[in-house]
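The block underneath contains the structure these notes are about, expressed in structure tokens.
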Protein chains: 2
Amino acid sequence: MAGPQRDTAAPRPTSRDVARAAGVSQATVSLVLGDKWQGRVAERTAERVRAAARELGYRPNLAARNLRLGRTRTALLVVPALTNEFFARVHTGAARVAARHGFGVVLYPTPDLTAPARDPFDSARASLDGVLASSMASEALGAIRGDELPLVMLDSDPAGSLGASTVNLDIADGMRQATEHLLALGHRDLLHLAADVDSWTFHVRRDALVAAVRGSGATVRTAKALLTVDDARVAAEAALGGPGPRPTAVVCDDDILAAGVCKAARRLGLHVPDDLSVTGFDDLTLATAVEPELTTVALPAERFGEQGMATLIAVLDGRAPEPAALPAHLVVRGSTAQSPASRR
Amino acid sequence: MAGPQRDTAAPRPTSRDVARAAGVSQATVSLVLGDKWQGRVAERTAERVRAAARELGYRPNLAARNLRLGRTRTALLVVPALTNEFFARVHTGAARVAARHGFGVVLYPTPDLTAPARDPFDSARASLDGVLASSMASEALGAIRGDELPLVMLDSDPAGSLGASTVNLDIADGMRQATEHLLALGHRDLLHLAADVDSWTFHVRRDALVAAVRGSGATVRTAKALLTVDDARVAAEAALGGPGPRPTAVVCDDDILAAGVCKAARRLGLHVPDDLSVTGFDDLTLATAVEPELTTVALPAERFGEQGMATLIAVLDGRAPEPAALPAHLVVRGSTAQSPASRR
DNA sequence: CTCGCGACGTTATACGTACAACTAAAGGCG
DNA sequence: CGCCTTTAGTTGTACGTATAACGTCGCGAG
């Protein structure tokens, strides 16, 4: 019989409601709550306004604020997939820095390939101030034109992304470290297992690998696999079980590939690391979960995201971003050892 | 001397600009582009408007639209951490369904514990229409009061989340399957390794485990570890290396824990699965990357997210959500085998 | 006394959109 | 011809905020 205590939709209080409760005008509320009241509103009044706002549970309407100010303090993060731990970490770092500056982060692409003509710029039904994009998100990049919004690229060819600032990981140096590690262990027949052979980062890795072996007398072959444990295993079985001299070490562009290679080795009756050395990339959770633990090139993924977002915010604030390249470092674990030949 | 071809900030065209270009009023533009022009605007005119919009590269201002409509078609997803593959998958599913209904998804919490008094409701500087929250995000939940926004809970105690709809995974049944699998293999001394012993899901698993062993004569002990491979290894070494009868099987609440247990076993000189059977939960990438591959309870994480978002959208549209419990199923792989005793 | 000025607010307006309410012209019909 | 209906739009307004521009006191100086 008795109606509900609250109406089904209790309308949120507006700044006008707060004003009424505090006995001031809406403008005063805006001044006080916007921290721009120094010398314009008496302390007593300001406190009354704050109390009223607290009392009513007032929260400013972001849509109205965004409309008024013409900016949203929201950035778009473009990555291939969050299920890839590396990019989840990048997101974590980016979101942390964003929050510290009062920015929000939304993600693109929303993983629905069947949706008709998704617009990256209203990814989360929000207007955007800027874009932070990984060069790995190749399909999504087509939809993003740099002249629309301030853009910062993550790990992109500086020459190819004209106008946009870039933040890079020094994956070339990481690859150099991994390669020299293997060369020092006596390996001379290397296999390079890659996932994204079309990407810019592949060529960076590839070039670094080739440069590092130059003069050592070592040979390098390349194989390709999808970025899954299983496909990497299949590819590695094919490459390692084939005719001709078998590589003694496999350099993988991702820990997931390395895990697949380890499984392939086991199937082929090869022992890692005694018969076959394997290196990965990224130092994912995976790397220490498998046996043996993976020697891998650790990348500061979170700092990568942090630096990227910091750069984007700097751009938005009109400050000149200092270019940055984050260092990679090799973590030597149990999946690499002296080559069979050099051990004798 | 010559100015830049474009001003530094070329103001985005508004619906009024489109109207001027098409020789109509702003209202007409709104009607045409809002697909609500049937019978109100002539096809010729509509086409002219669309052409003008295309020409100018018009995009509606989301902030203005949100303000006008009083809703944003944006939902908040509350999860513990995206670096947890399970929740990354939940996000993927949720975002897919959201996109299909023209909704966006923003994430909370932004991982910055140092930020002062973050407001969950302006997580991404956007107003929100609803909240989809995992019960695992315990700290964040404190900030969320169900009476503020429509709320759908993921995997929560139906009794504890009054008012809010819930979508659940049938983890109890998953646990039952795993336990019966181990019992059928002759195991009678089980160890239950858990991460979140304070959570509701822990108790569900625990109760299901206890119920499944009832009458079998089997015993169950419980150990606790952080959700990392390394901490699980340490905890398992302590539990398996201690005095008294050693468990012959370990039931883990997460694949990450299971991987740690496998490593502990190796250190203790135990062979998995011959000396020790191990089961995991979630069927992560990890599960098939380790040796042996993990027997694990696979959860439909993406469908979980999909169903959760579908339910939230149903609530927002005023439709009665059909309650759902998604099935779990055991995937038997190489980490479980006959107990040593029963093999003799 | 009155002018000016700092302190303390207020009034008015614009942001860009969606839609209710209105208008204007053209056709239909007896 | 007068009146209603349909078609094809337009005018006007509100969403909630931030801020520019404008009062209005009280008080000390000239």
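Residue numbers begin at 1 in each chain, while the letters A, B, ... track the order of the sequences.
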C:dG9 phosphate, OP1 or OP2, under 4.0 Å from A:T45 side-chain N/O: yes
Between C1' on D:dC15 and CG on A:N66, what's the gap in Å once rounded to a whole number? 14 Å
Atom CZ of A:R73 and atom C1' of D:dT17 are separated, to the nearest Å, by 16 Å
Side chains of A:T72 and A:D129: is there a donor and an acceptor less than 3.5 Å apart? yes
Of the non-hydrogen atoms in A:V32 and A:A46, which two are nearest, and what is the gap between them? CG1-O, 3.8 Å
Considering only side-chain heavy atoms of B:L67, which listed nucleotide, D:dG16, C:dT17, D:dT17, is closest? D:dG16
Expressed in angstrom and rounded to an integer, what is the separation of B:N61 atom CG from C:dG16 atom C1'? 6 Å
What's the separation between atom CE in B:M309 and atom CZ in B:F304, rounded to the nearest 0.5 Å? 12.5 Å
Measure the spacing between CG of A:L154 and OG of A:S135 and express it to the nearest 0.5 Å. 8.0 Å
Within residues 13-43 of chain B, residues whose heavy atoms come under 4.0 Å of DNA chain C: B:T14, B:S15, B:R16, B:Q26, B:A27, B:S30, B:R40
A:R59 has an atom CZ; how far is it from atom C1' of D:dT17, in whole Å? 17 Å
DNA chain C contacts made by residues 46-55 of chain A, counting heavy atoms under 4.0 Å: none
Does CD in A:E55 sit with more than 12 non-hydrogen atoms of other residues, nucleotides or ligands closer than 6.0 Å? no
Given the rule in the salt bridge (Lys or Arg N to Asp or Glu O under 4.0 Å) test, do A:R100 and A:E306 qualify, once you have shown the distances and angles that lead to the verdict? CA-CA 10 Å; A:R100 200 169 290 158; A:E306 290 178 355; 5.6 Å; no
Please report the shortest heavy-atom distance between B:D155 and B:L169, naming the atom on each side. OD1-N, 3.3 Å
Can you tell me which residue pairs pass the salt bridge (Lys or Arg N to Asp or Glu O under 4.0 Å) test with a partner in residues 26-43 of chain B, sequence neighbours excluded? B:E43-B:R50
